[in-house]
Amino acid sequence: MSGVIVTNPPKADVRDVDALAGHGVATVSEAMGRTGLLGPEIRPIQQGVRVAGTAVTVLSWPGDNLMIHAAVEQCGEGDILVVTTTSPCTDGLFGELFATALQRRGVRGVVMNTGIRDTQELREMGFAAWSRAVSSQGTVKATGGSVNVPIAIDGQVIRAGDVVLADDDGVVVVPRERVRATVEASEAREAKEAKARAAFLDGQLGLDRYGLRDTLKRLGVEYRSYEEYAGEGARS
């Protein structure tokens with residue numbers, strides 16, 4: 001497998017990246033029309049952490065982490081390393097030594113469509129990570145691959161410089177051209193949710209706030225008292 005290492009790709013503006021980090025993965029995905037989410041199998045190794053950064057992408061051979069070594073050189077302040085392989089792999093391609101090198105370069109975290117190891121050490125050093133599996137299985141460094149090329153994870157295309165946002169709920173990808181608009185849409189959505197939250201605290205029901213009683217009626221859902229419902233059951 002030959003490959004290419006692309007240097008200095010365009011990136012989303014850091015101010016927009018940091019603004020996006022103020023919103024959760026669910027909010028951002030909803031703000032983009034329920035798009036951009038990676039699958040639910042990619043989970044955090046820690047809890048209570050949210051990070052956003054610009055993607056440095058890696059396409060590796062299964063069981064081989066050579067291209068992660070090559071990618072470290074391309075990583076810088078505010079980046080998130082995103083790794084996938086040419087076919088499914090749960091081997092532990094990433095661990096504490098990689099995290100040490102990346103943390104030194106200002107990288108905010110890693111998203112692995114593979115296995116990860118040294119999870120206790122990663123938590124202790126405060127390096128955020130999301131992965132498809134946790135595995136102690138080691139790897140080799142023998143096959144070429146690519147860095148900063150478009151990759152796909154769970155049907156989502158991720159390009160170098162796109163924004164990756166990750167928290168306890170999962171991972172979402174925002175195309176770099178859409179980051180500013182997504183920040184604005186996320187802010188609007190959170191303002192709307194704040195009003196709903198206040199209304200619910202005041203006792204209002206979602207059925208009334210969202211006009212869902214008419215929806216239930218249109219769908220043929222009827223209200224029956226227990227006595228009516230129990231009587232109907234006895235007659236059937």
What I'd like to find out is whether the side chain of [X] reaches to under 4.5 Å of the side chain of [Y], using heavy atoms alone.
X	Y	result
V174	V28	yes
R189	E30	yes
V82	I151	yes
R213	D208	yes
L38	V173	yes
F94	L81	yes
R132	D154	yes
V171	L165	no

**OP:** Take T143 and L66, measure what side chain to side chain contact (heavy atoms under 4.5 Å, CB included) needs, and give me the verdict at the end.
**Re:** CA-CA 7 Å; T143 311; L66 172 64; 5.9 Å; no

From [X] [atom1] over to [Y] [atom2], what is the distance, rounded to the nearest 0.5 angstrom?
X	Y	atom1	atom2	answer
T27	K192	OG1	NZ	12.5 Å
R178	L20	CZ	CG	11.5 Å
I68	F98	CD1	CZ	5.0 Å
L93	T114	CG	OG1	4.5 Å
T35	L37	OG1	CG	7.5 Å
D118	M125	CG	CE	10.0 Å

**OP:** Might you work through the side chain to side chain donor-acceptor pair (under 3.5 Å) test for D91 and S135, ending with a clear yes or no?
**Re:** CA-CA 6 Å; D91 294 347; S135 174; 5.1 Å; no

Shortest non-hydrogen contact from [X] to [Y]?
X	Y	result
T182	A31	O-CB, 4.4 Å
T86	P62	OG1-CD, 3.3 Å
R105	E73	NH2-O, 3.0 Å
C75	V107	CB-CG2, 3.5 Å
V183	A19	CG1-CB, 3.9 Å
D167	G24	OD2-CA, 3.5 Å

**OP:** For side chain to side chain contact (heavy atoms under 4.5 Å, CB included), just list the numbers for M32 and V172, CA-CA rounded to whole Å, side-chain angles, deciding distance to a tenth of an Å, and then say yes or no.
**Re:** CA-CA 10 Å; M32 290 196 299; V172 65; 3.8 Å; yes

Subject >> N148 vs I5, side chain to side chain contact (heavy atoms under 4.5 Å, CB included): CA-CA, chis, key distance, verdict >> reply: CA-CA 6 Å; N148 281 335; I5 298 173; 5.9 Å; no

Original post:
Do the side chains of V83 and V4 join up, straight or via other hydrophobic residues, at under 4.5 Å, putting them in one cluster?
Top reply: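 Not linked; separate clusters.
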
Original post:
Going hydrophobic residue to hydrophobic residue with side-chain gaps under 4.5 angstrom, can you get from L122 over to V72?
Top reply: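 Looking at the clustering, V72 is in the same group as L122.
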
Original post:
Is it true that D13 and R180 have a side-chain N and a carboxylate O under 4.0 angstrom from each other?
Top reply: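 The answer is no: the pair does not qualify as a salt bridge.
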
Original post:
Could K195 and E193 be called an ion pair, given the rule that one side-chain N must be under 4.0 Å from one carboxylate O?
Top reply: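 A salt bridge is absent here (no side-chain N lies under 4.0 Å from a carboxylate O).
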
With no hydrogens and no angle check, do the side chains of [X] and [Y] hold a donor and an acceptor under 3.5 Å apart?
X	Y	value
D79	T54	yes
T100	E96	yes
R123	Q46	no
N65	T139	yes

Original post:
Of V164, V56, V163, which is the lone residue that meets side chain to side chain contact (heavy atoms under 4.5 Å, CB included) with I80?
Top reply: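 For I80, the side chain to side chain contact (heavy atoms under 4.5 Å, CB included) test succeeds with only one of V164, V56, V163, which is V164.
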
**OP:** Dump the intermediate steps for side chain to side chain contact (heavy atoms under 4.5 Å, CB included) on T57 and R159, then the final yes or no.
**Re:** CA-CA 7 Å; T57 61; R159 303 165 304 163; 6.0 Å; no

Original post:
Is a donor on one side and an acceptor on the other found under 3.5 Å between the side chain of S146 and the backbone of V149?
Top reply: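 Not confirmed, S146 side chain does not pair with V149 backbone.
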
